[in-house]
> 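Quick one: this structure, given as structure tokens, is what I'll be asking you about.
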Amino acid sequence: MASISIVFLVLSITFVAGRAQPNEPSRVRLGTSLTYPTSWPSPSHRFAFGFYPQGSGFAVGIWLVGMDTNITVVWTANRDDPPVTSKASLDFTKDGKLVLRTEQGPEQVIASGAKGPASYAVMNDSGNFVLYKNDSKITWQSFDSPTDTILQGQTLVAGAELASSLNEGDHSTGRFHLRMQTDGNLVSYPGNSGDAVSDAYWNTGTSGSGNNPHDFRFDLYLNSTGGLNLVNQSNSATVFIVNNFLISSGESNVNLNNDNNTIYRATLDVDGIFRLYSHTYDENRNVYLLLSTLRYSCDVYGFCGFNSFCTQNADQSNCHCLPGHDFVDPNRRTLGCERNFSEAGCTGGKGNAAFYNISTMENMVWGDIPYFDEIMSKEDCKSSCLEDCNCDAALFYGNSCQKQKFPLRYLRTSSNHTAFLKVGSIPKKPRLPVASDTVVITSKTAMVQIVLETLGFTVFSCVALAIFGRFIFKIRVLRYQRLLKNGNLGLPEELKRATNSFKEELGKGSFGAVYKGTLNQGKKLVAVKRLEKLVEEGEREFRAEMRAIGRTHHRNLVRLLGFCAEDSKRLLVYEYMSNGSLADLLFGAILRPDWTERLRIALDVARGILYLHEECEAPIIHCDIKPQNILMDDCWNAKISDFGLAKFLMPDQTRTFTGARGTRGYVAPEWHKNIPISVKADVYSYGIVLLEIVCCRKNIDLNASAAEEIVLSSWAYKCFAARDLYKLVIGEEVDIMSLEKMVKVGLWCIQEEPALRPSMKSAVLMLEGITEIPVPPCPTTPSM
Ligand SMILES: *[C@@H]1O[C@H](CO)[C@@H](O)[C@H](O)[C@H]1NC(C)=O
Ligand SMILES: *[C@@H]1O[C@H](CO)[C@@H](O)[C@H](O)[C@H]1NC(C)=O
Ligand SMILES: *[C@@H]1O[C@H](CO)[C@@H](O)[C@H](O)[C@H]1NC(C)=O
Ligand SMILES: *[C@@H]1O[C@H](CO)[C@@H](O)[C@H](O)[C@H]1NC(C)=O
Ligand SMILES: *[C@@H]1O[C@H](CO)[C@@H](O)[C@H](O)[C@H]1NC(C)=O
Ligand SMILES: *[C@@H]1O[C@H](CO)[C@@H](O)[C@H](O)[C@H]1NC(C)=O
Ligand SMILES: *[C@@H]1O[C@H](CO)[C@@H](O)[C@H](O)[C@H]1NC(C)=O
Ligand SMILES: *[C@@H]1O[C@H](CO)[C@@H](O)[C@H](O)[C@H]1NC(C)=O
Ligand SMILES: *[C@@H]1O[C@H](CO)[C@@H](O)[C@H](O)[C@H]1NC(C)=O
């Protein structure tokens with residue numbers, strides 16, 4: 001309450017003072033500083049520079065002073081930095097830099113002379129904050145780096161863009177941008193969409209095709225009477241009047257003029273629509289909406305997030321989920337929706353139609369290229385999607401049937417289109433499933449269990465198992481008994497011998513040490529893992545779990561050959577992997593594996609995880625996918641190790657655990673939030689590993705040559721967005737198509753929002769080139 005009245009007081013004083021002495025340009029001198037709630041006003045006191053309230057703190061920017069405390073922010077410094085506290089100060093230092101000092105972090109430079117040191121600053125009446133050199137030449141101005149607004153007299157130069165704010169109260173970068181393209185076209189896109197032609201939701205259509213591209217380079221200029229013009233860079237002539245492309249609001253003030261009492265402002269608003277406003281400075285200060293690019297928020301691509309569509313009711317735009325989907329966050333409906341059912345498996349080329357129903361929506365269309373587009377009848381289209389386990393949705397138009405995978409975006413109404421959506425009946429998978437117990441291989445007296453490699457899993461062995469099941473069981477019991485007769489106390493002793501008293505340590509993992517050993521009179525090399533630091537786990541649960549792991553069989557998983565559990569001793573016997581880990585290969589080797597090799601490894605790992613998630617009896621979440629846990633066998637096949645063990649390290653499986661499992665740099669963001677962990681956490685870690693495979697470097701590399709390259713995941717996105725992918729693999733011979741494919745899949749996998757990440761199955765299909773890969777959004781897109 002106190003702070004509110006202070007604001008009111010200060011602004012009223014400012015306002016009164018403004019009337020008293022107009023148009024006296026006041027210089028901000030070197031050595032001056034500023035704290036909230038004082039500000040540096042423009043001579044007319046219509047604009048001010050300083051701290052304004054944002055969220056729970058303050059941001060630095062320029063605003064239009066309105067009635068009372070109502071301000072219109074037109075520019076924000078370092079807009080994506082977190083708000084500062086009221087203790088922060090702005091200092092115009094002796095060496096001519098404008099710096100922000102806070103209690104917490106290091107000082108940040110807001111502005112410094114680009115063309116020589118500044119010797120004074122002016123908050124100009126045009127809304128431009130300017131640093132001048134001692135010869136009164138401009139060395140920096142806020143007009144050169146617009147955020148979401150241009151003011152009258154301001155230019156958006158060719159190649160520059162406006163980005164909308166996150167929401168009305170938060171001016172950090174939001175979800176849309178308006179780009180003055182160098183081809184002469186002024187275009188709106190959803191943020192981080194890749195800016196393909198199909199992403200554009202509004203444009204002036206002024207791109208040139210002339211012989212001299214420079215003749216079509218325009219700047220966008222807002223003149224003093226509210227005229228938005230495209231100005232030819234070559235001869236500074238007004239070429240196109242953008243106002244003609246805009247929709248009039250029908251407000252009274254549309255006669256564009258300027259009697260010195262009006263300020264024009266064009267802003268890319270939070271909803272992605274570019275609007276022209278006027279602020280009048282007569283006795284009743286009014287704000288008028290004059291023109292806008294689109295009438296309704298629903299007309300903006302991506303206004304509603306993935307898997308949701310928009311309905312317009314008068315001025316209200318509402319987002320709704322597709323059938324079978326729920327809001328990612330019910331309080332932020334523009335964020336999009338996620339499936340509320342699980343995908344049915346799609347193994348062996350068989351369909352999975354039995355698990356789905358088709359929901360039909362008329363007059364609905366969406367963006368993105370389908371992976372399938374053929375002519376057929378409406379009924380055939382419907383059943384074709386139902387029976388195709390890669391199909392999540394189909395669009396029927398005229399006589400063509402287009403099949404698509406989730407997520408769907410840019411959903412909008414369009415007559416004569418029919419959408420078919422597959423809605424599943426399998427409820428979402430439980431967070432941490434417990435393996436079912438179907439095969440029991442045990443003996444009455446056994447404290448020890450072993451699933452030895454005799455259980456070879458060939459096509460024949462399935463048959464053999466069925467026929468000779470009893471026989472094998474007998475052999476097992478006999479062998480075990482023989483061990484006992486030989487004076488062994490049980491397998492721990494046997495393994496102690498096999499590993500030469502745990503002499504040769506291969507490495508140490510999060511669960512304990514791993515030793516090299518031999519079985520079968522030295523014929524078979526094994527790795528023995530001694531589990532330590534485990535939570536107390538019932539003997540029965542442990543065995544059930546190990547048996548489940550023992551039954552997993554996939555060429556990209558390290559095979560568990562046997563285990564024993566006796567009192568506190570827990571030993572796991574794995575096949576021996578002679579070529580070390582993927583980490584050694586990627587980060588340690590002198591010679592990088594070549595590109596095709598890396599492609600193959602990436603797919604190997606993906607298939608291994610896919611098997612864990614979807615193809616073994618009960619889904620297994622690995623929880624710690626990283627290159628150190630991916631081992632290379634004799635033939636350099638990548639195999640995942642340590643799966644199925646995560647739950648033994650967890651304090652309580654029934655609760656949402658927030659203490660981070662996994663390894664820094666690879667763990668999904670949800671580990672740090674209070675949200676349930678799903679298979680998507682592994683997908684995230686896989687995405688990081690995939691990018692590491694692409695670049696042969698660690699996700700976090702403090703020795704990177706530039707600061708922006710330190711974190712690979714954000715560097716990769718930067719390169720992708722700037723179409724500079726080659727920067728990721730400089731000096732290497734790579735296939736650019738597969739490079740783009742891998743990076744796109746990687747970026748999808750590391751989306752902050754788990755629902756946006758593909759399933760492991762989709763990731764494999766994309767890597768194999770079977771399905772199209774939509775353009776990934778920024779992994780950490782801030783959302784409304
Ligand atoms: C503040 O200004 C905005 C327009 O910029 C207007 O919509 C709103 O009603 C104003 N609020 C008050 C309290 O005057
Ligand atoms: C300062 O404002 C005046 C009047 O609004 C304008 O003519 C001039 O161009 C502005 N200067 C800068 C550097 O923006
Ligand atoms: C402006 O500063 C430069 C050095 O920064 C100095 O050489 C020059 O003499 C100064 N000019 C005036 C007019 O003070
Ligand atoms: C821009 O100016 C150049 C040089 O005067 C001229 O050749 C060109 O045609 C102009 N472009 C357009 C689109 O008018
Ligand atoms: C501003 O632009 C509009 C549209 O091009 C034009 O009609 C008007 O004359 C311009 N105003 C000034 C002051 O140049
Ligand atoms: C607007 O202000 C300028 C100078 O600030 C002045 O020359 C001009 O006459 C004014 N126009 C009107 C209509 O008041
Ligand atoms: C999923 O959402 C649909 C509505 O789209 C609802 O009818 C269904 O009950 C939901 N299923 C689950 C498992 O929540
Ligand atoms: C499909 O719909 C029918 C009728 O509503 C229902 O009985 C059946 O369980 C549904 N099947 C699936 C797989 O959702
Ligand atoms: C939709 O179909 C009807 C009848 O076939 C046709 O008259 C109409 O023009 C179509 N609309 C569009 C937008 O194609």
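All values reported here derive from a predicted model rather than from experimental measurement. First listed ligand is number 1; within each ligand, the first listed atom is number 1. We're numbering straight along the sequence, starting at 1. Hydrogens, waters and symmetry mates are skipped; everything else that's a heavy atom, side chains included, is used.
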> Identify the closest protein heavy atom to atom 1 (C) of ligand 4: which residue and atom is it, and at what distance?
N232 ND2, 1.3 Å
> Return yes or no for this condition: an N or O of Q141 is under 3.5 Å from an N or O of ligand 2.
no
> Does either side chain, that of D125 or that of S42, offer a donor lying less than 3.5 Å from an acceptor on the other one?
yes
> Considering only protein heavy atoms, determine whether one is less than 4.0 Å from atom 7 (O) of ligand 2.
no
> Could you check W748, Y410, W366 and say which one makes a ring-ring contact (aromatic ring centres under 6.0 Å, His included) with F306?
W748
> Against heavy atoms of G227, which atoms of ligand 5 measure under 4.0 Å?
1 (C), 2 (O), 3 (C)
> S126 heavy atoms, cut-off 4.0 Å: which ligand 2 atoms fall inside?
1 (C), 2 (O), 5 (O), 10 (C), 14 (O)
> So, regarding T238 and ligand 5 (criterion: nitrogen or oxygen to nitrogen or oxygen, under 3.5 Å), is there a contact or not?
no
> Could you tell me the residue and atom name of the protein heavy atom closest to atom 4 (C) of ligand 4, and the distance to it rounded to 0.1 Å?
S234 CB, 3.7 Å
> Side chains of T267 and D269: is there a donor and an acceptor less than 3.5 Å apart?
no
> At their closest point, which heavy atom of S165 faces which heavy atom of D170, and how far apart are they?
CB-O, 3.6 Å
> How close does the nearest protein non-hydrogen atom get to atom 9 (O) of ligand 2, and which residue and atom is it?
N124 ND2, 4.6 Å
> For residues F216 and F218, establish whether the separation of their ring centroids is below 6.0 Å.
yes
> Of all the atoms in ligand 4, which lie at a distance below 4.0 Å from a heavy atom belonging to F218?
13 (C)
> Looking only at side-chain N and O atoms, does R409 offer a donor or acceptor that is under 3.5 Å from a partner on Y301?
no
> Tell me which protein heavy atom sits closest to atom 5 (O) of ligand 4, plus the residue, atom name and distance to 0.1 Å.
N235 ND2, 3.1 Å
> Which protein heavy atom lies closest to atom 13 (C) of ligand 2, and at what distance to 0.1 Å?
I138 CD1, 3.7 Å
> Are C310 and C298 within a span of less than 2.5 Å, counting SG to SG?
yes
> Out of all atoms in ligand 2, which are within 4.0 Å of some heavy atom of N128? Include the element for each.
12 (C), 13 (C), 14 (O)
> Under 4.0 Å from any heavy atom of S224, which atoms of ligand 5 are there?
13 (C)
> State whether the number of non-hydrogen atoms from other residues, nucleotides or ligands found under 6.0 Å of K97 atom NZ is greater than 12.
no
> Indicate whether any N or O donor in one side chain lies under 3.5 Å from an N or O acceptor in the other, for T238 and Y221.
no
